[in-house]
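Here is the structure we will look at.
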Amino acid sequence: MLYPAFVEVDKDGTASGWFPDVPGCLFAGDDMEAAFADARSAIDAHFELLSEKDLPIPGAHPMEEHVVNEPGTYSGGRWLYVDVNMDKFDGRAERINITLPHRLLERIDSTVKHKPEYGSRSAFLAIAARNELHKSD
């Protein structure tokens with residue numbers, strides 16, 4: 001899942017930022033590259049802690065939504081997106097038995113075959129379920 005982050009760069013080139021969807025998750029670095037690396041580490045550590053404490057992990061909203069809802073907050077900086085593998089935070093995998101229409105299953109398998117970022121049918125279904133559940137957040 002892609003989480004938007006807002007980054008401010010100081011005159012000396014150092015950068016710091018936050019994730020608008022993840023209260024309290026801050027990051028920084030000596031330059032943009034280091035700040036981006038720290039952003040990945042920060043959100044992973046934040047979600048790991050939330051997961052350990054059995055607290056909900058916030059969903060991501062598009063950057064444009066933040067800009068529209070709080071226009072003065074997001075000026076003079078840059079946006080970046082951090083891709084978070086949500087599988088790490090959803091607990092252990094469980095095997096289930098489901099029934100799907102044949103043509104739908106063929107379309108899923110074709111998509112997975114042509115887009116290796118999904119990895120597997122199960123990963124595709126997990127991503128689709130997360131996206132659908134996120135709509136109700």
Problem - Over 12 non-hydrogen atoms of neighbours within 6.0 angstrom of CG in D109 - result: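 Buried by this count: over 12 neighbours within 6.0 Å.
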Problem - More than 12 heavy atoms from other groups under 6.0 Å of CG on D12 - result: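 It does: D12 CG has more than 12 such atoms within range.
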Exercise for the section: Determine yes or no for a side-chain-to-main-chain donor-acceptor pair under 3.5 angstrom, with H46 supplying the side chain and A42 the backbone. Expected result: no
Problem - Flag, side chain of Y74 to backbone of V68, donor-acceptor distance under 3.5 Å - result: no
Could you tell me whether the side chain of [Y] reaches within less than 4.5 Å of the side chain of [X], counting heavy atoms only?
| X | Y | result |
| --- | --- | --- |
| P23 | W18 | no |
| F6 | F19 | no |
| F36 | V7 | no |
| D31 | V9 | no |
| D87 | R130 | yes |
| I43 | F27 | no |
| R78 | M32 | yes |
| L104 | E106 | no |

Practice task
Would you confirm whether the ring centroid of F47 sits within less than 6.0 angstrom of the ring centroid of Y3?
Solution key: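 Under 6.0 Å, so yes.
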Practice task
Examine the side chains of E70 and H66 and answer whether a donor and an acceptor come within less than 3.5 Å of each other.
Solution key: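 No.
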Problem - Polar side chain donor-acceptor pair, N69 to H61, under 3.5 angstrom - result: no
Nearest atoms (heavy-atom pairs only) where [X] meets [Y]:
| X | Y | value |
| --- | --- | --- |
| D83 | R40 | O-NH1, 4.5 Å |
| A28 | D38 | N-OD2, 2.9 Å |
| D21 | A60 | OD2-CA, 3.5 Å |
| Y118 | I127 | CD2-CD1, 3.7 Å |

Practice task
List in chain and number order the residues that pass side-chain contact (heavy atoms from CB on, under 4.5 Å) with L55, two or more places apart in sequence or in another chain; answer none if no residue qualifies.
Solution key: L50, K53
Practice task
Drop me the distance from I57's CD1 to K88's NZ, to the nearest 0.5 angstrom.
Solution key: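 The distance works out to 10.5 Å.
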Handout entry: Between CD1 on residue I108 and CG on residue L100, distance to nearest 0.5 Å
Key =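 Output value for this atom pair is 5.5 Å.
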